[in-house]
There are 2 protein chains.
Amino acid sequence: MAQAKYFELSDARSEGFFNISEAAGASGVSAKMIRHYEETGLVPKAGRTVAGYRIYRDADVHVLRFIRRARDLGFTMKEIAGLLGLWKDKRRASADVKKLAAKHMADLDARIAELQGMRRSLEHLVHCCHGDGRPDCPILDDLAGAGRA
Amino acid sequence: MAQAKYFELSDARSEGFFNISEAAGASGVSAKMIRHYEETGLVPKAGRTVAGYRIYRDADVHVLRFIRRARDLGFTMKEIAGLLGLWKDKRRASADVKKLAAKHMADLDARIAELQGMRRSLEHLVHCCHGDGRPDCPILDDLAGAGRA
DNA sequence: CTTGACCTTCCCACGGTGGGAAGGTGGAGA
DNA sequence: TCTCCACCTTCCCACCGTGGGAAGGTCAAG
């Protein structure tokens, strides 16, 4: 990215550029999100045609795909910014990447444990509820604090 | 809730009312969120003192605690609105509550599975990364699409 | 030249929570 | 009574990630 506003769109295309929806299709990141990532500085500003259309090269699409995959692994935007920095830095230590990934894995574990705790409690309640036409319901009783307050 | 603006705060207190921070402390819902729930209609508008301070009875705190517990189980606001409706309706069928809870449990399961999928992929990558001072790193390679694109 | 599909920027929404500013009140102590 | 501080009020702004949609410009094909 970061080219000057040189091209007509047709010229840009023949020079191997994509427009934003092509970049979106090729990367799996929506056009909306591509603009958003640019705005927030996650990716550098895209080049533009004389008419102001954003244009993308293969390398740019590659970056977007990287982001997409990181999102699929649940990394936050901040973490992805860190990963992109490490990716660009050819002298990085793999230990730094591993540390970031391990941290994220711990976050995932915490979140999973939290959800499993909810699930366990809920399962118990659902199990206790006869679930028929009568109004008495242990689920509501529990939420209302019957057993605690 | 839904009392007219009758009281001075001191009178209200002696009539068994709480102010918002007391209600917050007793229910585990922050004052900020109590106002938010009122604004969004999840709970009815609180009574007020002549000076405009919100006042709460035990029953109101009870409702807030119900909401708090439902949040702790991961129910969304919309689901909680449903649960509150069922709670208030003394002629509800417990089957309706059970259905709502079972649906939420399925949502939790889906979310857990999603996170576990991420965790598994990530674990594999972290395991493959030697994590030393050298720059080559299977985690970044994977994100960059080495094995797929 | 028209038409339709794209592009641009801009604002708004969701969930749920928090921070903080600006101004009014309550109650305790001097 | 005055002062002081903690609390209350409303209001707007932020986070994260994503989508919807309006208003206006551009491009390519017919």
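Worth saying up front: this structure is predicted, and the values here are computed from it rather than measured. Throughout, protein chains are lettered first and strands after them, A, B, ... in sequence-line order, and every chain is numbered starting at 1.
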J.: State which residues pass side-chain contact (heavy atoms from CB on, under 4.5 Å) with A/M118; sequence neighbours excluded, sorted by chain then number.
T.: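 Counting only residues at least two positions away or on another chain, A/M118 forms a side-chain contact (heavy atoms from CB on, under 4.5 Å) with A/E114, A/L115, B/L108.
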J.: Please work out which residues in residues 21-36 of chain A have a non-hydrogen atom less than 4.0 Å from an atom of DNA chain D and list them by number.
T.: A/S30, A/K32, A/M33, A/H36
J.: Restricting to side-chain contact (heavy atoms from CB on, under 4.5 Å), what partner residues turn up for B/S21, sequence neighbours left out?
T.: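 B/S21 satisfies side-chain contact (heavy atoms from CB on, under 4.5 Å) with B/N19 once adjacent residues are dropped.
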J.: Listed by chain and number, what are the side-chain contact (heavy atoms from CB on, under 4.5 Å) partners of A/T76, not counting sequence neighbours?
T.: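 A/T76 satisfies side-chain contact (heavy atoms from CB on, under 4.5 Å) with A/K78, A/E79 once adjacent residues are dropped.
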J.: Checking B/D136 against B/H130: is there a side-chain donor and acceptor pair closer than 3.5 Å?
T.: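 A donor-acceptor contact under 3.5 Å links the two side chains.
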J.: Test of understanding: with salt bridge (charged side-chain N to carboxylate O under 4.0 Å, His left out), list the residues that count as partners of B/D72, not counting sequence neighbours.
T.: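 For B/D72 the salt bridge (charged side-chain N to carboxylate O under 4.0 Å, His left out) partners, ignoring immediate neighbours, are B/R68.
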J.: Going by the rule side-chain contact (heavy atoms from CB on, under 4.5 Å), which residues pair with B/H36 if we only count those two or more places apart in sequence or in a different chain?
T.: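 Residues passing side-chain contact (heavy atoms from CB on, under 4.5 Å) with B/H36: B/M33, B/E39, B/T40.
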J.: Five pairs per end, C1' atoms only: what is the angle between the end axes of the helix from C/dC1-D/dG30 to C/dA30-D/dT1, to 10 degrees?
T.: 30°
J.: Enumerate all atom pairs, one protein N or O and one N or O from nucleotides 22-24 of chain C, separated by less than 3.5 Å.
T.:
unit_1: C/dG24; atom_1: N2; unit_2: B/Y53; atom_2: OH; d: 2.8

J.: Side chain to side chain donor-acceptor pair (under 3.5 Å) with A/K32: which residues, sequence neighbours excluded?
T.: none
J.: Applying ring pair (Phe, Tyr, Trp, His ring centres under 6.0 Å) as the test, list every pair that has at least one member in residues 90-120 of chain A; sequence neighbours left out.
T.: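 Those involving residues 90-120 of chain A are A/F75-A/H104.
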J.: Partners of A/R71 by salt bridge (charged side-chain N to carboxylate O under 4.0 Å, His left out), sequence neighbours excluded?
T.: none
J.: Sequence neighbours excluded, which residues qualify as ring-ring contact (aromatic ring centres under 6.0 Å, His included) partners of B/F66?
T.: B/W87
